[in-house]
Amino acid sequence: MQDAAAGSIAGSGRPRYAYLGPPGTFTEAALHQVASPDTADFLPRGDVVAAVDAVRTGDADFAVVPIENSVEGGVSATLDTLAAGGGLVVVGEALVPISFVLAALPGTRLSDVRRISTHPHAWAQCRRSVAALTPGAVHVPATSTAAAAARLAEVAAERAGVHEAAEALGFDAVLVAPHSARSYGLEVLAADVGDNPSAVTRFVVVGRPGRIPPRTGADKTTLMVQLPDNEAGALLTMLEQFATRGVNLSRIESRPIGDELGRYAFSIDAEGHLEDERVAATLMGLHRVCPLVLFLGSYPRADGARTQVHRGTSDAEFAAARGWVEGLRGDGAPA
Ligand SMILES: O=C(O)C(=O)C[C@]1(C(=O)O)C=C[C@@H](O)C=C1
């Protein structure tokens with residue numbers, strides 16, 4: 001997805017993109033699919049919430065953050081920060097194939113590795129391979145894969161030897177993207193250490209509400225929906241709004257609302273665009289039966305897969321049905 005920012009930036013004309021940094025994260029790789037550093041400013045932030053908040057405060061025009069991993073599932077920090085406070089929408093997405101290396105300061109031996117730092121999602125994706133390579137090694141959480149690599153390189157520069165650096169840091173190796181190991185001057189101890197070679201992470205481009213990206217025919221719509229309390233079949237009623245209009249879901253997951261135990265909202269990606277009649281009708285249905293529906297954006301799909309339109313759910317069929325009812329009411333007929 002190129003140029004999420006087209007036509008929407010005031011001032012210098014250079015869009016500013018906050019992202020989960022530092023340089024070398026998978027999120028930065030996603031950002032490179034969306035914008036070029038030649039024409040946009042890349043602003044690394046320490047975590048997902050800080051990147052998204054930069055858009056809320058106006059320090060950035062857009063944020064690029066991970067939302068979903070094919071192995072680990074949803075990124076809770078992103079789902080929750082989008083739902084909290086409103087005022088933000090998804091304007092695009094990017095898919096990044098994920099592969100990891102186990103890397104350390106030059107001179108480290110694989111048999112020396114006891115503590116491995118990385119992002120928790122990265123650890124979850126490498127757990128089995130790492131257990132086989134370095135039995136008993138433990139995870140030291142980092143805010144991102146590249147943050148762990150940057151720390152290792154930084155402390156190594158200040159200390160005399162590899163062991164002193166590892167002692168000072170509390171870890172001796174990292175799990176990072178291959179290019180990140182290279183750029184931080186680390187040595188690869190083992191390549192392709194992901195448990196699943198076809199892992200993919202999906203990232204979203206978040207902006208302030210305004211012009212919705214035009215419909216392409218290969219779009220997604222992201223929503224956060226709350227159900228009425230203590231109502232038998234409320235989940236079924238909510239899902240029926242999509243099913244009866246032929247709207248397929250590509251992701252649905254529950255997130256705690258946070259005010260009391262047992263209250264959940266549903267984070268949903270539906271196929272289609274707000275301008276599709278069936279999606280608009282679904283939203284109207286949800287609005288009638290659910291106490292809260294947050295519209296979090298309609299945007300082109302990164303994989304370009306076109307929305308399947310089932311019999312009776314095309315725009316033309318909706319328009320014809322509406323025209324028929326208007327005719328029955330005598331709408332538009334002379335008084
Ligand atoms: O730490 C990074 O490099 C990130 O971009 C974050 C993140 C994630 O949140 O899932 C992104 C992709 C990988 O799945 C591992 C970590």
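Sequence positions, counted from 1, serve as the residue numbers for this chain. The figures that follow rest on heavy atoms only: side chains count, while hydrogens, waters and symmetry mates do not. Remember, it's 1-based here, ligands and their atoms both numbered in the order they're listed.
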Practice task
Before accepting this row, confirm whether a basic side-chain N of the pair Arg114/Asp172 lies closer than 4.0 Å to the acidic partner's carboxylate O.
Solution key: no
Problem - Salt-bridge contact Arg151-Glu154 (side-chain N to carboxylate O under 4.0 Å) - result: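 Counted as a salt bridge, because a side-chain N and a carboxylate O are separated by less than 4.0 Å.
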Completion exercise
Scanning both residues in full, the closest heavy-atom pair of His273 with Pro213 reads NE2-O, 2.7 Å
Handout entry: Nearest atoms (heavy-atom pairs only) where Arg215 meets Glu275
Key =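 Result for this residue pair: NH1-O, 3.5 Å.
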Protein heavy atom at shortest distance from [atom]:
| atom | value |
| --- | --- |
| atom 5 (O) of ligand 1 | Thr27 OG1, 2.6 Å |
| atom 2 (C) of ligand 1 | Thr145 OG1, 3.3 Å |
| atom 8 (C) of ligand 1 | His121 ND1, 3.7 Å |

Practice task
Ignoring angles and geometry beyond distance, decide whether Gln125 reaches within less than 3.5 Å of ligand 1 through its nitrogen or oxygen atoms.
Solution key: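 Gln125 vs ligand 1: N/O contact under 3.5 Å present.
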Please work out, at 4.0 Å between heavy atoms, whether the side chain, the backbone, both, or neither of [X] comes within that distance of ligand 1.
| X | answer |
| --- | --- |
| Thr25 | both |
| Thr118 | neither |
| Pro66 | side chain |
| Asn69 | side chain |

Exercise for the section: Decide salt bridge (Lys or Arg N to Asp or Glu O under 4.0 Å) for Glu271 and Arg301; before the verdict, give the C-alpha distance in whole Å, the side-chain angles of both, and the deciding distance to 0.1 Å. Expected result: CA-CA 9 Å; Glu271 292 181 3; Arg301 296 175 66 118; 3.5 Å; yes
Practice task
Consider ligand 1: state whether an atom of it lies below 4.0 angstrom from any non-hydrogen atom of Glu72.
Solution key: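 No heavy atom of Glu72 comes that close to ligand 1.
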Problem - Ile98, Val75, Leu20, Ile67: member with heavy atom nearest to atom 6 (C) of ligand 1 - result: Leu20
Exercise for the section: Could you walk me through whether Lys220 and Asp269 pass salt bridge (Lys or Arg N to Asp or Glu O under 4.0 Å), step by step? Expected result: CA-CA 6 Å; Lys220 274 186 197 164; Asp269 290 333; 5.0 Å; no
Exercise for the section: Dump the intermediate steps for salt bridge (Lys or Arg N to Asp or Glu O under 4.0 Å) on Asp59 and Arg16, then the final yes or no. Expected result: CA-CA 8 Å; Asp59 290 342; Arg16 299 159 301 163; 5.7 Å; no
